[in-house]
Amino acid sequence: MNAQYDPNTIEKKWQTVWEKEGHPRRQGEKGKYYALNMFPYPSGDGLHVGHVENFTATDTYARFKRFQGYSVLDPIGWDAFGLPAENFAIKTGIPPVKKTLESIENFRRQLKSIGLSYDWDREISTSDPEYYRWTQWMFLFLYQHGLAYKKKALVNWCPSCQTVLANEQVVDGKCERSGDLVIQKELEQWFFKITDFLEDTLSESGEKIPGLLSGLEKIDWPESTKQAQRNWIGRSEGAEVVFYIAETEEEIRVFTTRLDTIYGCTYVVLAPEHPILKKLGSQIENNGEVEKYLADTQKKTDLERTDLAKEKTGVFLDGVEVAHPFTGKRLPVFVADYVLSTYGTGAVMGVPAHDERDFVFAKKYDLELTPVILPTDGKSLVEGESYTEDGVLTNSGEFTELVSSEAREKMSRWLEQEGLGKRKVNYRMRDWLISRQRYWGAPIPIVYCEKDGIVPVPEKDLPVKLPTDVDFRPTGESPLARSKEFHDAKCPICGGPARRESDTMDTFVCSSWYYLRFADPHNDQEFASREALEKYLPVDFYMGGAEHTVLHLLYARFFTKALWKYGYLGFDEPFLRLRHQGIILGEDGNKMSKSKGNVVNPDQIIEEFGADSLRLYEMFMGPLDDMKAWSTAAVVGPRRFLDRVWRLQKKISEGVEVSRTLETQLHQTIKKVTEDLETLHFNTAVSALMILLNSFEKEESVSKEHFKTFTLLLAPLAPHIAEELWHELGNKESIFLASWPAWDEKKTIDEMMTIVVQINGRVRGSIVIPTESEESQVKELALADAKIRTALGGKEVKKTIYVSGKILSLVT
RNA sequence: GGGGAUAUGGCGGAAUUGGUAGACGCGCUAGCUUCAGGAGCUAGUUCUCGUAAGAGAGUGAGAGUUCGAGUCUCUCUAUCCCCACCA
């Protein structure tokens, strides 16, 4: 043993062993455990210390589970397709595949340097044709079951990047990359029918599949994440109501959650994109003015249209009137861009007395205002604002005097009888647009034949490989369309000339199923064998950033449910237990970013303090899911701790007589660390180990058995030093093949207990007494205590409350 | 506007879930060791008053319940995250 703890030598030594022989993996008797962290995007900048938290936490937990006797699957791979590599290619001419492989190389080196126990034989990369072959298979699977379809749609378009953008690439109405304002453009695109799975459905074999909404109830996820998914899905119950256009057979359907307010409807508003406008055409007497409004709207950016602060604008449709379904009264119709074409029916009823937006609009255009709901508490309506709460109906024909909820029920029944509407559930969420006019993604396996139309590429012809000779410069068309080698194809049906789909898939498609591939990463017959899936899936523990609360996690759940529906999987939720790591901020309290210059590279920290110290510090910083600021100066704490653990070796001897107090503390620590690791309270697990070490250091010599246990408790958190100490103790096998220490509950109980004595709620002293003492003994001792007697000042004790083992409260 | 979360020393944070607030670590102070430095050792470190013993105050603010509140209830305030003209 060296006198000095030298992490760099020890860590390199064990990493080399683990590299050569593969990390020791105990195949436990307790069954499988799948621990996964969200696979990273291998960015060219490499890892920063913020990323290390996620990997370390998952690794620590996976090691702990393995110690406990589970066969743990904890794989790693790369979410390798994506924009940055393509943008880099545009700028430098270096092909994305080259840059990506370099970045992966660097990530792999960095991850290995923090001592993660991954099974590297299972490494996958989404940009590998052997992987995206199965991403394309997934597309075909969805297509064959009617869950992938093509349609014209309005999409986000960045005029400077000349491409569509995913919703998540639009921040505050601006392109994330160029900062340009995004506009809406109509393009023909591929969609996945995720909305088919919002509610419960039946599988092919007749089993019920919980939908994306109800499935949330049974999984162990952060409540905030579940709530965010519910909000994103945005289910709302209401009614669809038909307004006939006077003198025609045409109708306008509106969606409302407040059918009870319909007698207060004094006009109807259409979204500028509403198809009825084209149909009405010349019936609109001021068509010129309307056309101009529509043209102006189209020119507006998304941000301009959705800016809440801006004034509402609209145009009255001259010559068009609708009939109120309940009263038959003729109502004016407007077109206004505050009505969204993408939600509900693209048309709303205007009830200025009971909706703030309608109120503002009606005031501006001087429209009639008819209050029909009164507050139930007898208060009167306030002049100059709308009353948007539920209440009691007034002025509402036969429905007058009903309360809102009852009125909604009776009114929708009436509508259904009259054929003027129906109950309707609306969702905010829409189908998933997966087309991207990008190069660096998985090509959509479709060809277009003049004769046969849309033809899926046969499975046997997969993968449809990305061409290598492509001009990346953006022109608004997918770069793939410009590759002759790629573009021209033969129709799989008739053999005639065809062209390939030149769009690629959203990278979220690749990441929606990767956790399945890890079960069987080298299978070239199917995406994973049934046996492999049954052996490892679903994921028992999933760890990743909260930024994936909605998109990735929702998409992955959709894939799982779709595959289950058609018999490919035996489970309907992919991730049973989910946790998010908190963001690690720079030392200045800002988010780490190159531009702020506050990025800390783990390489430097490892060089200065060692990987085990880095790991320990990251786990010790605070609760896993809290946001916390990095402090390089504070890393010395864990480093000093390991230095002292190292030096403790000198005190080890066999046959040490162990005090009862220390034995108790050891068992308490085993219990504490075990429970804390299980519940992911890594910060307090580390602190428990520090406290135990402090006690060991006070001893003349430390029992070898005690030190062995300590080493095991440390091993999930600081694997290198634990492995080294284990071997120094004379063990020949890896520490990671050993079993987790057990505690004896009886031995966790202290010999003596401290009872705090309060008088009238204030702490006035404490007594130390054998743990098994009775209440009467405690009381007797307390009243005999000089300090307590002084504090009581001779007053009579009227009431005594004794909480066993904790407190004695005296009231005078 | 809607939803979610958070608030404890100079700093990161702990608190057996209603029972001694500030564990553990950083930093700081004093001393020791050392040629020196230090990531070594010892003691101390919430604030106020006090040489001390001790007393009082104290967990974003204010009320309440209780023998007892960081923890429960109510009313605020601030910060962060997500969604947002969703009808």
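Small disclaimer: the values here were computed from a predicted structure and weren't measured. Numbers restart at 1 for each chain; the letters A, B, ... are given by sequence-line order, proteins then strands.
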Ring-plane angle category for [X] and [Y], please: parallel below 30°, perpendicular beyond 60°, tilted otherwise.
X	Y	result
A:Trp630	A:Tyr617	perpendicular
A:His324	A:Phe243	perpendicular
A:Tyr5	A:Trp646	tilted

How would you label the contact of [X] with the nucleic acid (heavy atoms, under 4.0 Å): base, sugar-phosphate, or nothing?
X	result
A:Arg235	nothing
A:Leu340	base
A:Gln758	base
A:Thr800	nothing
A:Val351	nothing
A:Glu608	base
A:Arg762	sugar-phosphate
A:Pro623	sugar-phosphate
A:Asn683	sugar-phosphate
A:Met627	sugar-phosphate
A:Ser687	base
A:Arg639	base
A:Thr257	sugar-phosphate
A:Val811	sugar-phosphate

Please walk me through it: do A:Asp355 and A:Ser386 pass side-chain hydrogen bond (donor to acceptor under 3.5 Å, both in side chains)? CA-CA 6 Å; A:Asp355 182 283; A:Ser386 55; over 6 Å; no
Considering only B:rC26, B:rA87, B:rG12, which nucleotide approaches the side chain of A:Lys628 most closely?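 Of the candidates, B:rG12 comes closest.
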Between [N] and [M], how far apart are the two [atom1] atoms, rounded to whole Å?
N	M	atom1	result
B:rU71	B:rG18	P	11 Å
B:rG70	B:rG40	C1'	37 Å
B:rU45	B:rC82	C1'	41 Å

Is A:Arg579 salt-bridged to A:Asp220, cutoff N-O under 4.0 Å?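 Yes.
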Can you give me the closest heavy-atom contact between A:Pro371 and A:Ala353, atom names plus distance?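 The answer is CA-CB, 3.6 Å.
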Assign each of A:Ala634 and A:Ile759 to its nearest nucleotide of RNA chain B by heavy atoms, then name whichever residue's nucleotide is nearer the 5' end.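 The residue mapped nearer the 5' terminus is A:Ala634.
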More 5' along RNA chain B: A:Ser809 or A:Asp358, using each one's nearest nucleotide?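 Its nearest nucleotide being more 5', the pick is A:Ser809.
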Mind telling me if B:rU17 is syn or anti? Syn here is a glycosidic angle within 90° of 0.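 Syn.
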